[in-house]
Amino acid sequence: MTAFDPLANTYDADFTNTQIGRYLRDKVQQRLVQRFRLNDHVLELGCGTGEDALFLADNGIRVTATDASEEMLNIAREKTQNQPLVTVQKLDLQHPALPNEPAPFSDAMQGQKFDGVFSNFGALNCLESWDLLALWLSNRVKRKGVLAFGVMSPYCLWELLWFGLHGDFKTALRRLRGSDFEGLPITYPTINRLTREFSPYFKQISVKPLGLFLPPSNAFAVVEKRPKLLQALTALENRFGNWSLLSMLADHYWIVFEKK
Ligand SMILES: C[S@@+](CC[C@H](N)C(=O)[O-])C[C@H]1O[C@@H](n2cnc3c(N)ncnc32)[C@H](O)[C@@H]1O
């Protein structure tokens, strides 16, 4: 049983199919199809209910979609059962290292060379460091292959301001202190830290914000029940939401690496 199992059944209703969740996912999917090509084979880490795997497969990209949560995997399997380009497989990213390669995925997918890897909406925040993942991926990604990750930022302006102004300092400051989700530590790496941990094998080639003017999911409802506000914030997001310099102030940053 993982911390995310109980969320699986309602995840799409609570997040994927909300107006803001849909907007943000569309943006991610546009960014993914710019990076991956027809007939590529990509690995997804922390796939959740399989929404992005299904989208990419519908665009002719083969996806091995992985997650640690059996409940999430069951929904992903059901959702993608008629899409032969998706394979759903268990892969837990959080285990101690062995001398040469991080376990338990030391022998998982050995010999495979993916064209690229992606992970969306904070799955990588469930790790406390990323150097072992970088090493493991370096053996499973082709040269010039792309990694694309949506990572929860440590300095989400919306969360700091909204919850700070409402006196909820625990939530406002949770990313700076580090938080936990049902006992699972959640870590919010800076762009520099993630870039440094991947740097032995991967070169960072781009960073963009994701959710700069639109709120984080714990405040979706505040905005979604005010249609004019939602419209205004969406317009700002469309206009200024790709400014790289503001990436770390967004809810997530979208970071892309290339295999050296
Ligand atoms: C916020 S959800 C994001 C799901 C999906 N990527 C999406 O776009 O909706 C985070 C996902 O990371 C998965 N996860 C958390 N810790 C993990 C780990 N150690 N290994 C693999 N997946 C993990 C969870 O089970 C969950 O499905």
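Since this is a predicted model, take the numbers as computed values, not measurements. Counting starts at 1 for both ligands and their atoms, in listed order. One is the number of the first residue; the rest follow in order along the sequence.
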| Ligand-residue contact atoms, ligand 1 with D52, heavy atoms, under 4.0 Å | 8 (O)

| said: Can a donor-acceptor pair be found, under 3.5 Å and without considering hydrogens, that links the side chain of S179 to the backbone of R175? | reply: no

| task | Check A68 against ligand 1 and report side chain, backbone, both or neither, counting heavy atoms closer than 4.0 Å. | result | both

| said: Does any N or O of ligand 1 fall below 3.5 Å from an N or O anywhere on T2, backbone included? | reply: no

| query | Heavy-atom contacts under 4.0 Å between F121 and ligand 1: side chain, backbone, both, or neither? | reply | both

| task | Might you confirm whether atom CZ of R62 has over 12 heavy atoms from other residues, nucleotides or ligands at distances under 6.0 Å? | result | no

| message | Between ligand 1 and C47, can you find any atom pair, the residue atom being a heavy atom, that is separated by under 4.0 Å? | response | yes

| task | Tell me, please: is M72 in heavy-atom contact with ligand 1, that is, under 4.0 Å? | result | yes

| said: Can you check which of D67, T49, L93, L24 brings a heavy atom nearest to atom 27 (O) of ligand 1? | reply: D67

| F257 and I205, any side-chain heavy atoms less than 4.5 Å apart | no

| said: I need the atoms of ligand 1 closer than 4.0 Å to a non-hydrogen atom of C126, numbered in the order shown. | reply: 15 (C), 16 (N)

| request: Would you tell me which option among G48, G46, A53 has the nearest heavy-atom contact to atom 6 (N) of ligand 1? | output: G46

| query | What atoms in ligand 1 come closer than 4.0 Å to a heavy atom of S69? | reply | 25 (O)

| Polar side-chain atom of W130 near backbone of F198 as donor-acceptor pair, under 3.5 Å | no

| query | Does Y11 come within less than 4.0 angstrom of ligand 1, counting non-hydrogen atoms of the residue? | reply | yes

| query | atom 8 (O) of ligand 1: which protein heavy atom is closest, and how many Å away? | reply | R25 NH1, 3.0 Å

| Within a reach of under 6.0 Å around CD of Q81, are more than 12 heavy atoms found that belong to other residues, nucleotides or ligands? | yes

| task | Considering heavy atoms of the protein only, find what lies nearest to atom 12 (O) of ligand 1 and give residue, atom and distance to 0.1 Å. | result | A123 CB, 3.3 Å

| note | When every non-hydrogen atom of Y253 is compared with those of P154, the smallest separation belongs to CE2-CD, 4.3 Å

| message | Please check this pair: side chain of S69 against backbone of M72, looking for a donor-acceptor N/O pair closer than 3.5 Å. | response | yes

| Should E70 and M1 be marked as a side chain to side chain contact (heavy atoms under 4.5 Å, CB included) after you check the CA-CA gap, both sets of side-chain angles, and the distance that decides it? | CA-CA 8 Å; E70 288 290 358; M1 166 97 171; over 6 Å; no

| query | Heavy-atom contact under 4.0 Å between L91 and ligand 1? | reply | yes

| query | Of all heavy-atom pairs between D67 and C47, which one has the smallest distance, and what is that distance? | reply | OD2-N, 3.2 Å

| task | For D92 and ligand 1, answer yes if some heavy atom of the residue is under 4.0 Å from a ligand atom, otherwise no. | result | yes

| field | N/O donor-acceptor pair under 3.5 Å between T234 side chain and L230 backbone | value | yes

